[in-house]
Amino acid sequence: MNPIILHILHQALFGGLAAVGFAVLFNTPPRMLPLCFGAGALALAVRTSGQDLGYSLAVASFFAALLLAIVDKLWQEFPSPRGSVLAVSGSIPMIPGSLAAKVFMSVFAFLRTGKSVGTDATIATWDNMLMLIFTLGAIGTALALPSLVPPVKQEA
């Protein structure tokens with residue numbers, strides 16, 4: 001099998017497992033756990049595919065969260081203007097925890113050593129921090145966009 005497809009399936013599997021874990025933490029009804037697994041798997045598969053195509057982490061996360069929010073909005077009942085736990089629990093595995101850890105570790109190292117760290121460490125800290133901020137902003141914006149579109153009542 002193609003190694004890229006295996007990589008995407010690997011990410012989808014563990015994205016789905018992470019989404020189910022967060023859904024349990026959010027006290028989601030047990031009947032929705034398979035849907036949460038699917039949401040997490042879809043989001044991480046799309047993000048991984050985007051990154052494999054050369055998109056940055058923030059752009060790939062934006063499109064994955066936007067697709068997830070659109071699918072979630074289409075599954076909801078007509079008059080509901082709110083989001084659901086599926087979009088949130090499916091998006092949480094996309095949050096770059098290792099990038100946040102790098103930011104915190106470099107900030108703590110900078111605070112511990114003072115101003116003698118040098119420009120390379122400072123630039124790396126700011127680079128990681130900006131990438132984290134833009135990725136979180138992209139995920140939040142993409143999740144909010146479908147809720148801004150008013151529902152259209154379909155004629156029967």
Side-chain angles (χ1 to χ4, degrees), residues 1-108 124-125 127-156:
M1 186 177 259
N2 189 350
I4 294 175
I5 293 175
L6 281 175
H7 176 65
I8 291 171
L9 289 175
H10 174 265
Q11 293 292 320
L13 172 71
F14 287 103
L17 291 175
V20 168
F22 282 107
V24 169
L25 288 175
F26 296 152
N27 203 19
T28 304
R31 63 181 167 76
M32 290 185 65
L33 293 180
L35 292 174
C36 291
F37 180 87
L42 173 70
L44 230 51
V46 170
R47 187 188 81 177
T48 303
S49 300
Q51 286 184 297
D52 287 345
L53 291 173
Y55 294 113
S56 70
L57 177 65
V59 173
S61 297
F62 174 81
F63 285 117
L66 183 62
L67 177 66
L68 186 61
I70 289 171
V71 168
D72 180 53
K73 189 73 171 171
L74 291 174
W75 279 345
Q76 290 179 11
E77 296 176 12
F78 167 67
S80 176
R82 60 182 173 80
S84 78
V85 72
L86 289 178
V88 174
S89 66
S91 294
I92 286 179
M94 291 193 300
I95 294 174
S98 64
L99 188 60
K102 286 179 189 176
V103 169
F104 283 121
M105 289 184 343
S106 59
V107 166
F108 291 146
T125 300
D127 184 44
N128 289 334
M129 190 178 313
L130 288 174
M131 181 55 72
L132 177 66
I133 290 169
F134 285 134
T135 303
L136 292 176
I139 292 171
T141 302
L143 288 176
L145 283 178
S147 66
L148 298 175
V149 176
V152 178
K153 186 173 184 178
Q154 297 176 356
E155 299 292 328

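Only a predicted model underlies this, so the values are computations on that prediction, with no experimental measurement involved. Below, all heavy atoms of this structure are taken into account, side chains as well, without hydrogens, waters or symmetry copies.
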- Could you walk me through whether Leu143 and Phe62 pass the side chain to side chain contact (heavy atoms under 4.5 Å, CB included) test, one step at a time? CA-CA 9 Å; Leu143 288 176; Phe62 174 81; over 6 Å; no
- Closest heavy-atom pair and its distance - Ser61, Arg47: OG-CD, 3.2 Å
- Minimum heavy-atom distance Leu44-Gln11, with the two atoms named: CD2-O, 3.3 Å
- Short question: side chain of Thr141, backbone of Gly137 - any donor-acceptor pair under 3.5 Å? yes
- Query: Rounded to the nearest 0.5 Å, how far apart are OG of Ser89 and CE of Met32?
  - Reply: 7.5 Å
- Task: List the atom of Ser106, the atom of Val103, and the distance in Å for their closest heavy-atom pair.
- Result: OG-O, 3.0 Å
- Run the side chain to side chain contact (heavy atoms under 4.5 Å, CB included) check on Met129 and Leu99 step by step: do they pass? CA-CA 8 Å; Met129 190 178 313; Leu99 188 60; over 6 Å; no
- Query: How far apart are the closest heavy atoms of Cys36 and Ala23, and which atoms are they?
  - Reply: SG-CB, 3.6 Å
- Query: Just how far is it from atom CD1 of Ile139 to atom CG of Leu66, taken to the nearest 0.5 Å?
  - Reply: 12.0 Å
- Item | side chain to side chain contact (heavy atoms under 4.5 Å, CB included) between Leu13 and Phe37, worked out | CA-CA 8 Å; Leu13 172 71; Phe37 180 87; 4.1 Å; yes
- Message: Walk me through whether Trp75 and Leu86 qualify under side chain to side chain contact (heavy atoms under 4.5 Å, CB included).
- Response: CA-CA 10 Å; Trp75 279 345; Leu86 289 178; 3.9 Å; yes
- Note on the structure: dist Ile8:CD1 -> Thr48:OG1 (nearest 0.5 Å) comes out at 6.5 Å
- Query: Given side chains that start at C-beta, do those of Val20 and Pro34 come closer than 4.5 Å, heavy atoms only?
  - Reply: no
- Message: With a sphere of 6.0 Å drawn around CD1 of Ile4, does it hold more than 12 non-hydrogen atoms of other residues, nucleotides or ligands?
- Response: no
- Task: Inspect the surroundings of CZ in Phe26 and state if more than 12 heavy atoms from other residues, nucleotides or ligands are less than 6.0 Å away.
- Result: yes
- Query: Which heavy atom in Gly40 sits nearest to a heavy atom in Ala19, and how many Å separate them?
  - Reply: CA-CB, 3.6 Å
- OG-CG distance between Ser91 and Leu136, expressed to the nearest 0.5 angstrom: 11.0 Å
- Looking at CG of Asp72 and CG of Leu42, how far apart are the two atoms once the value is rounded to the nearest 0.5 Å? 11.0 Å
- Which pair of heavy atoms, one from Leu68 and one from Ala43, lies closest together, and at what distance? CD2-CB, 4.0 Å
